[in-house]
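Letters A, B, ... mirror the listed sequences (proteins, then strands); counts begin at 1. Because the structure is predicted, anything quoted here is derived from the model rather than measured.
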2 protein chains.
Amino acid sequence: MRREVTLRDVAELAGVSSRTVSNVVNGYANVTDRTKERVQRAVEQLGYRPNVLARNLAQGRSGQIALVVPYLDTPYFAELLQSVIRAARISGYNVLIDQTDGDPEHERGFIAHGSRRLLFDGVIFSPLGLDQQALADRDPALPLVILGERTSDGTFDHVGIDDVAASRQATEHLLDLGRQRVAAIGDQPYATGEAAQLRTRGFREAHTARGLPVHEDLIIGTPRFNRPDGARAMARLLDREDPPDAVFCYSDLVALGAIHTIVARGLRVPEDVAVIGYDDIEDGAYSNPSVTTISPDKEWIATTAVERLLLRITSSTPPPGLELRAPHRLIVRESTTGRARRG
Amino acid sequence: MRREVTLRDVAELAGVSSRTVSNVVNGYANVTDRTKERVQRAVEQLGYRPNVLARNLAQGRSGQIALVVPYLDTPYFAELLQSVIRAARISGYNVLIDQTDGDPEHERGFIAHGSRRLLFDGVIFSPLGLDQQALADRDPALPLVILGERTSDGTFDHVGIDDVAASRQATEHLLDLGRQRVAAIGDQPYATGEAAQLRTRGFREAHTARGLPVHEDLIIGTPRFNRPDGARAMARLLDREDPPDAVFCYSDLVALGAIHTIVARGLRVPEDVAVIGYDDIEDGAYSNPSVTTISPDKEWIATTAVERLLLRITSSTPPPGLELRAPHRLIVRESTTGRARRG
DNA sequence: CTACGCTTTTGCAGCGCTGCAAAACACAGC
DNA sequence: GCTGTGTTTTGCAGCGCTGCAAAAGCGTAG
């Protein structure tokens with residue numbers, strides 16, 4: 001590979017110093033139109049392209065942010081990723097992506113002190129295997145924005161929807177339909193299951209607010225929020241003597257898995273069992289039946305996360321850690337109100 | 001932010017030259033156990049971490065590969081991305097991700113001469129808006145692996161399945177079921193629609209091989225391979241006087257959209273219309289009905305693409321451009337053979 | 001003509017690491 | 001003790017860019 005064109009080559013051809021070329025290329029400082037033009041001509045003539053690596057080293061920054069999520073084949077994250085990339089690009093940042101499979105060690109590696117020093121300037125992180133404590137032990141100098149349910153300790157921003165309120169709203173929707181035995185699929189009663197626990201809380205609140213009993217035995221845990229887990233959990237519920245007549249699923253994937261089981265057993269959705277999901281992924285809108293869901297504003301989440309992260313990266317004094325609540329709304333589809341409802 | 005620990009700091013503490021520290025850290029050359037140990041102690045004591053940026057600049061490589069795809073919320077790409085990341089990490093590479101939305105300008109930017117020089121060492125690229133010509137005009141020095149249907153011109157590798165054979169197989173499956181009027185959704189009769197055209201070819205071949213007529217008017221084009229387009233195309237087909245009794249969809253998403261429309265009109269899948277998809281995304285396995293599909297070996301595609309790309313990156317003389325055919329198989333599910341078939 | 005303030009341009013050092021080739025060392029053989 | 005060979009360590013230059021501060025240029029005022 002032959003040597004690439006450098007700033008100095010351009011400088012020589014244009015008859016100016018390399019520093020001036022740099023100024024032109026980056027639009028820094030004042031440059032006379034005459035010089036600017038001369039430089040630009042030389043740049044074109046030689047086909048000069050800045051060496052990003054060298055620039056990064058000199059500036060001590062990488063121009064990259066990392067998005068770290070547990071699973072990429074989860075449509076929710078895929079959709080989010082898309083918006084994050086778009087938002088980052090607007091500000092000239094590239095997105096480095098990684099998937100942790102929820103492995104705590106792997107997750108720690110990303111936020112631990114200097115583990116990947118300078119590969120990225122900041123991280124948008126959706127932790128799964130790390131509890132609050134592990135988060136606190138991180139490299140304090142790394143700009144960080146957390147997605148999902150982890151309360152901010154003041155040193156990072158947290159972006160998410162109000163899980164309790166949203167879950168309550170979802171459950172209330174089922175109760176409004178007159179359902180008597182409402183189940184919940186997705187509880188995770190352990191340290192790393194904060195998000196799930198908040199949803200369970202909302203589920204309970206909806207019942208107690210109406211003076212209804214919570215069917216504790218209808219709350220089913222799942223290790224992950226995917227289709228197979230949803231399908232399995234639903235099978236357990238249907239195997240009972242007194243199966244539920246409605247299910248609040250902690251993700252749309254879980255809901256799709258659950259519906260799959262219900263239909264496979266010859267039961268109808270929503271007539272026999274009404275199902276509501278969470279996340280509003282595209283699949284849910286096109287499935288049969290389409291899935292009623294809680295829709296978080298993903299675009300808002302992505303742009304806000306990027307915005308806050310870049311602010312953190314560029315600030316000399318770290319901004320306070322904010323708790324940012326994204327808007328959400330209930331989208332009613334066939335899985336709770338049946339075909340009739342379709343527009 | 002205080003100054004970070006550098007190689008020189010470690011060298012000073014350990015009483016050796018910075019070059020020796022470098023040798024120890026990277027496992028280069030011979031180093032006596034005694035020195036090695038002393039250096040390692042110093043590294044730990046100071047909490048030294050190599051500066052990736054500086055290393056990259058000195059080595060003239062970035063340790064990153066880019067994966068450029070048209071859409072990230074397409075499950076097929078999301079699933080692929082996952083495997084690519086895994087394969088790259090094994091070799092110590094990070095994955096930079098970008099989505100082009102199929103925009104030709106944007107796509108060109110990634111492979112044009114030096115546009116992002118050194119940000120990545122090579123690209124795995126799934127072009128959508130670029131035709132063969134535009135591909136040929138790329139920076140010849142950039143290691144490149146193309147996914148999907150673009151014939152290699154010998155300067156890059158191409159990884160994909162045999163679209164014609166797979167499509168023929170899919171169509172034959174429908175004909176085997178005794179269907180008389182088989183439609184196809186997804187044709188793209190223009191320069192950038194090569195993949196679609198190959199599928200249409202397979203569709204035709206299946207008919208002619210059996211001496212059956214191809215219903216040309218049942219071949220419907222779609223700009224994209226997503227649910228809405230599938231739903232719309234299916235609506236057009238059902239609006240006809242003589243609707244089809246089977247449909248070959250050029251992606252699972254298209255199939256899901258089509259099924260959605262069929263069911264919404266009160267028709268049954270597969271009794272009234274049998275549907276087959278392409279890609280084998282997880283959604284298809286859990287939908288109602290589950291979708292019969294052509295399943296490309298994504299893991300094979302991802303690992304092969306990464307492998308070839310890294311080979312290209314590390315070779316001093318560019319290896320020949322290969323045409324690599326990934327295995328694929330037909331997975332029969334409910335959308336063609338009905339519930340009975342389920343295990 | 002000199003001084004002054006402003007704009008434009010420059011030179012240099014250095015970001016932190018690695019490639020290269022030379023230097024230092026260690027040890028065996030004569 | 002000296003030479004030769006192989007191993008270990010070192011010094012230096014340089015990757016290509018930017019930060020900094022000084023230098024040069026330029027126009028106006030005194």
Whole-Å distance separating the [atom1] atom of [X] from the [atom2] atom of [N]:
X	N	atom1	atom2	answer
B:Y48	C:dC17	OH	C1'	7 Å
A:R61	C:dG16	CZ	P	16 Å
B:D9	C:dC15	CG	C1'	13 Å
A:N23	D:dG16	CG	P	20 Å
B:E12	D:dG11	CD	C1'	16 Å
B:L57	C:dG19	CG	C1'	13 Å
A:L7	C:dG11	CG	P	14 Å
B:D33	D:dT7	CG	C1'	13 Å

Side chain of B:V16 only, please: which of C:dT18, D:dT10, D:dC17 is the nearest?
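When the side chain of B:V16 is considered, D:dT10 is the closest of C:dT18, D:dT10, D:dC17.
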
Nearest to the side chain of B:P50, which nucleotide is it out of C:dG16, C:dC17, D:dC17?
->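 My answer, after comparing the listed nucleotides, is C:dC17.
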
Report yes if at least one side-chain N or O of [X] is closer than 4.0 Å to OP1 or OP2 of [N]; otherwise report no.
X	N	answer
A:T32	C:dT9	yes
B:T6	C:dG16	no
A:S22	D:dT18	yes
A:T20	C:dT9	no
B:R55	C:dT18	yes
B:N56	D:dC15	no
A:N51	D:dC15	no

Query - Distance (rounded to the nearest 0.5 Å) between B:E299 CD and B:T304 OG1 - result: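 Output value for this atom pair is 9.5 Å.
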
- Task: Take A:R8 and A:K36, find for each the nucleotide of DNA chain C with the closest heavy atom, and name the residue whose nucleotide sits nearer the 5' end.
- Result: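 Its nearest nucleotide lies further toward 5', so the answer is A:K36.
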
Worksheet item: A:L309 pairs by side-chain contact (heavy atoms from CB on, under 4.5 Å) with which of A:D157, A:I65, A:V159, A:L67?
Response: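 Output: one option passes, namely A:I65.
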
| said: Quick test of your reading of the model: are A:R108 and A:D103 salt-bridged, counting only N-O distances below 4.0 Å? | reply: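 Salt bridge flag = no for A:D103 with A:R108.
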
Between A:R86 and B:D101, is the closest basic N to carboxylate O distance under 4.0 Å?
->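 Result for this pair is yes, salt bridge flagged.
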
request  = Name the residue closer to the 5' end of DNA chain D, choosing between B:Q59 and B:S17 according to the nucleotide with the nearest heavy atom.
outcome  =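 The answer here is B:S17.
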
I want to check something: taking the side chain as every heavy atom from C-beta on, are A:V39 and A:V16 in contact at a cut-off of under 4.5 Å?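 A:V39 reaches A:V16 side chain to side chain.
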
**Message:** Please classify the nucleic acid contact of A:T35 as base, sugar-phosphate, or nothing, using heavy-atom distances under 4.0 Å.
**Reply:**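 Sugar-phosphate, no base atom in range.
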
Exercise. Do A:R138 and A:T155 have side-chain N/O donor and acceptor atoms under 3.5 Å apart?
Worked result: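 Their side chains do contain a donor-acceptor pair, which is all the 3.5 Å distance test asks for.
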
Can a donor-acceptor pair under 3.5 Å be found between the side-chain atoms of A:R19 and the base atoms of D:dG19?
->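 Result: at least one qualifying N/O pair found.
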
